[in-house]
Amino acid sequence: MTIPAYKDPARSVTERIDDLLSRMSLKEKAGQLNQWYNLGPEHYDQVRKGEIGSGLLANSSTAGNDHQERVFANSINEIQKIAVTESRLGIPLIFGRDVIHGYRTVAPIPLGMAAAWSPELIQAANAIAAKEARADGIHWGFSPMLDIARDPRWGRVAEGFGEDPFLAGKLAAAAVKGFQGNDQDSIPQQFAADRIVACAKHFVGYGAAEGGRDYNTTEITRQALHNVYLAPFKAAIQSGCATVMSAFHDIGGIPLSAHRYLLTDVLKEQWGFGGFIVSDWGAVWELINHGVAADRSRAAELACKAGVDMDMCSMVYLENLPDLVQAGKLSAARLDDAVRRLLRIKFALGLFENPYADPNASQAVHLLPESLATLRRLAADSMVLLKNNGVLPLRSDKLAICLSGPLADRRKELFGCWTPDGQEEEVTTLKEAIAGRLGPETWLHHYELPDDAVKLARSSDVLILAIGESAGRSGEDNCTATIDLPAGQEALLESARRMEIPIVAVVFGGRPLNLTRVMDWADAVLFAWHPGITGGLGVADVLFGDVNPSGRLPISFPRSSGQIPLYYNHRPTGRPMPANSRRHSRYVDSLDSPLFPFGFGLSYTTFEYGNLQTSQVPQTPEILVSAEVTNTGNRAGTTVAQCYVRDIVASVARPVRELKGFERVTLEAGETKTIAFRLGPKELSYLDDNGNEVFEAGRYRVWIGSDSNAELGTEFEISTDGR
Ligand code: BGC
C-alpha cells in the first residue's frame, strides 16, 4: 500500500503541504487554525473530526500533591493519539504553553534577565527552558515578550526586556535562538528534539497601554512604531522566530488582531515573515468588544484578512471561516496561506513522524545541576547594586546578621509572574541561602515581625531587609496606580534606621519601584527583581562578594509615579531641561531626572572610561569608536560598556541618545582594556513612517560609558558614501 505524499518523510515539505492541503475540506482547514485550551476527554470528539489544530496547556503540569508526577506527557499523548489515529487525515496537534522565564527550573523574570545585558546567558537560559518543556511534551512556548515599556505601572513590564529597542532586540534574538536552537537566522527546517518553537509577542505596541492599565488603548505614531516598538520584533524575526502573537489592544482605533498594515504589510510582506501568527487569548472574538465587528463572523473575517493565522481560544475561525470562503467574503487562497504557515511548523517539529511525548523524559532533564548553576549565575548577574556606602560585600567569617522584611523567607515570591511549572518547595529562600554559608562565628537571626526585628537589630552588626513586591503583584492584569512600595515597607525602614546599624535593603520586584526613601535610609540597596528558583542563592552570592555585581538597569527608575512616562531615549524639546532655569520642560515640584538612569548599576569595584577615539573605516560609511576602560578599584569586576549615539541634525527630531552597542567587560584590579564599536548605516539610520531606512549624512555625537548619562563623548561627521 502506498502512503499519501504528505505522510512520506522522503518528500519535500512543500510537496507534503501541497498534498495535504489538496485533501483537506474547508472545515478541516478552519479546524487546523483553531486553538483550544486544556483539552480533555470532552474535546476528543472535536479532535476526531479535525476541528482543533492546537492545544493550549493552561493548566498545572503536576498531579495532586506529588510534584514528581508529571501528567502532561500522558494527557498530551492520549489526545494526540486521537488526532493521529482517529481523525480523517491524522494531522497531529501542536501544543503550546506559557514558557516565559524558565520552565521547572525557573529563571529570573525577563526584566531581570535583561539586567544582565547578556545575550549569551539568555540564550542558555532559554535552551534549558526548551529542553525541560519539550521533555514534558510541549512544542511551542509563548515567549519572548518583546513589548517595549515606558510605564512601570503596567504589570507586564516584568515580562519584557525593558525600555530600549536596541537592547531588547539583541536579547530577543538570543531568546529565540535559545528556544529554537537555530544557528541560521531563519526558521529551522527541522527543530531538534530538545527545542521548542518561539513566539514573539504581543505584536505590537501593547506596552504603550494608556495609564499603564493592561489591555488598554494606545496612540502610537508611525515614527515610534517603526523605531521603537517594532524594532525588537524585527530582530526576533530576523533571527528566525517561527511564530508571532497579535496583541489585545488597539492603536488609534485599529485593534492589533485586525491590523492589516502591521500584520500583513509590515510583518509578513516587508519583513518576509514565513511563520504563523496566533492571536492572543480570545482577541479575535474581542474585536466585537472593540466595536469594529458586529458579530463573530465579522470578527473572524477581519482577523483572518488582516493576517491572523490561528485563533487562540475564541472558536470563531472554526465556526466561520468555511462559510466566509463559501460566501466569497474571504479568499480560499488566504485560508490556504494560513494553513500552509501552520503546517510548515508542524512538519519542522517532526510531529508527523514523532507525534508523541516520552512520559519518562522529564526526570532526566528537569532541574539538572548544570541548569541550576546557569540560572544561579544569571540571577546573580541580573542584580543591580543601586547604593553601597561600603557595607557590602559582607564578611562571612565573623558577623551577627539580623534578617527581616516580608520577603526574607519566601519561596514562591522569588518566582515572579508566570511560573506555572515552578514548584515552590524547590526554591531556596534568602534566609536559607544566607544560613547556608555562615562561618563559625557568624550568626543569623531572622525575625518575621518588624517590631522584633527593629528591637533586636540593635545587637547585630547588620540588618538585611528583604522588601519589595510579591510575585503576584506584577505580570498580566497586575497594574498599579503608583510605583510606591507596598504598604508598611517604608515605615519599617524608617524605624530600623533609628537603630543606627547598617541596613542592606534587598528589593524584589517585577517593575521599577519608587526607591527615593529607601535610598535615604538604607546603606546599601540591591535590586534583585524576581530572581527565580536560585534567586535566594544569587542574592547571597552578591551580598557576600562571591559575585561582584554587574547588573545594569534595562529601564529607568523614576523618582515618583508622577514622572511617568520617563525614559532615556526621549526626543529633545525646543526647550530642553537645564538646571535652574524657567520656561523649560521641567517640573516645579520634583527634579526632572530619574532616580536611576537606564543602564545604571554599581559594582564592588570602580571603572573609569577614557581615551575616546573615532576613526573612519576606510571605504565604508562606518565609524569605529573606541575607548579605554580601567578597573580602578581593588578587586576584579565586570562593567557593561555602553555606546550611545545622537543624530544632531536630521529631517525629524531624533532622540537625545540611543543605545547602539554594549559589551560586558571583565577586568582584574588595575587592568585596562580597549573596547570598540562600529557605527554604520544600520546603527545611525532611523526608519521613516513606512519603515524604510533613512541614513542622513552629517554630524553625530557618540558617548561611551557606564550608563545612559555617560559623559565621555565626541562628535564625528559622516557622509553617506563613506568619504
Ligand atoms: C496573555 C498571553 C499568553 C496567553 C496564553 C494571554 O492572556 O496575554 O501573553 O501567552 O494568554 O496563556
Side-chain angles (χ1 to χ4, degrees), residues 33-39 52-61 72 93-103 109-111 126 129-130 133 136 138-149 154-161 168 172 175-176 179 196-209 212-218 229 232-233 236 241-250 255-257 259 275-287 289-290 303 308-315 416-422 472 474-479 510:
L33 307 179
N34 179 34
Q35 182 184 59
W36 200 249
Y37 66 101
N38 297 352
L39 300 179
I52 295 178
S54 172
L56 193 163
L57 300 154
N59 46 356
S60 163
S61 61
F72 266 2
L93 302 168
I94 178 172
F95 284 93
R97 184 163 174 84
D98 287 294
V99 184
I100 309 293
H101 50 110
Y103 186 73
I109 54 167
L111 191 60
N126 271 16
D136 261 3
I138 290 149
H139 309 123
W140 179 23
F142 301 128
S143 84
M145 187 190 97
L146 302 178
D147 296 311
I148 296 295
W154 187 53
R156 303 199 81 167
V157 71
E159 294 176 56
F161 294 141
V176 167
F179 266 174
I196 60 175
V197 176
C199 181
K201 72 185 189 185
H202 307 83
F203 193 81
V204 54
Y206 183 40
R213 224 170 62 234
D214 214 355
Y215 320 116
N216 206 4
T217 189
T218 71
Y229 292 98
F233 285 95
C241 187
T243 74
V244 169
M245 187 185 293
S246 68
F248 285 126
H249 68 293
D250 78 284
L256 264 294
S257 298
H259 210 303
F276 71 89
I277 302 176
V278 62
S279 76
D280 203 341
W281 187 301
V284 178
W285 171 83
E286 287 176 17
L287 295 176
N289 287 348
H290 278 284
V308 174
D309 300 303
M310 181 183 281
D311 168 16
M312 182 191 283
C313 303
S314 13
M315 283 278 179
C417 56
W418 285 114
T419 54
D421 298 288
S474 59
E476 187 176 355
D477 190 23
N478 282 298
C479 303

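Order of listing sets the numbers, starting from 1, for every ligand and every atom in it. Sequence positions, counted from 1, serve as the residue numbers for this chain.
Which parts of ligand 1 touch R156 is read off a 4.0 Å heavy-atom cut-off, strictly below it: atoms 1 (C), 2 (C), 8 (O), 9 (O). Residue contact check: K201 has heavy atoms under 4.0 Å from atoms 2 (C), 3 (C), 9 (O), 10 (O) of ligand 1. When each atom of ligand 1 is checked for a heavy atom of F142 under 4.0 Å away, the hits are 10 (O). Interface atoms of ligand 1 facing F248, defined by a heavy-atom separation under 4.0 Å, are 6 (C), 7 (O), 8 (O). Annotation for ligand 1: atoms under 4.0 Å from non-hydrogen atoms of D98 are 3 (C), 5 (C), 10 (O), 12 (O).
No more than 12 heavy-atom neighbours from other residues, nucleotides or ligands sit within 6.0 angstrom of CH2 on W285.
When atom types are taken as modelled, the side chain of N216 and the backbone of A209 share no donor-acceptor pair closer than 3.5 angstrom. H290 places no side-chain N or O within 3.5 Å of a backbone atom of A283 that could act as its donor or acceptor partner. In this structure, the side chain of T218 engages the main chain of D250 through a donor-acceptor pair within 3.5 Å.
On a distance-only criterion, Y206 and ligand 1 share no N/O pair closer than 3.5 Å. For the pair E476 and ligand 1, the shortest N or O to N or O distance falls below 3.5 Å.
Residues V308 and S246 come closest through the heavy atom pair CG2-OG, 3.8 Å.
Taking only non-hydrogen atoms, the option from E159, H202, M312 nearest to atom 9 (O) of ligand 1 is H202.
In summary, the side chains of Y206 and D280 do not present any donor paired with an acceptor at a separation below 3.5 Å, with no hydrogens or angles considered.
Among all non-hydrogen protein atoms, the one lying nearest atom 6 (C) of ligand 1 is D280 OD1, 2.9 Å.
You'll find the ring centres of W418 and F142 outside the 6.0 Å limit.
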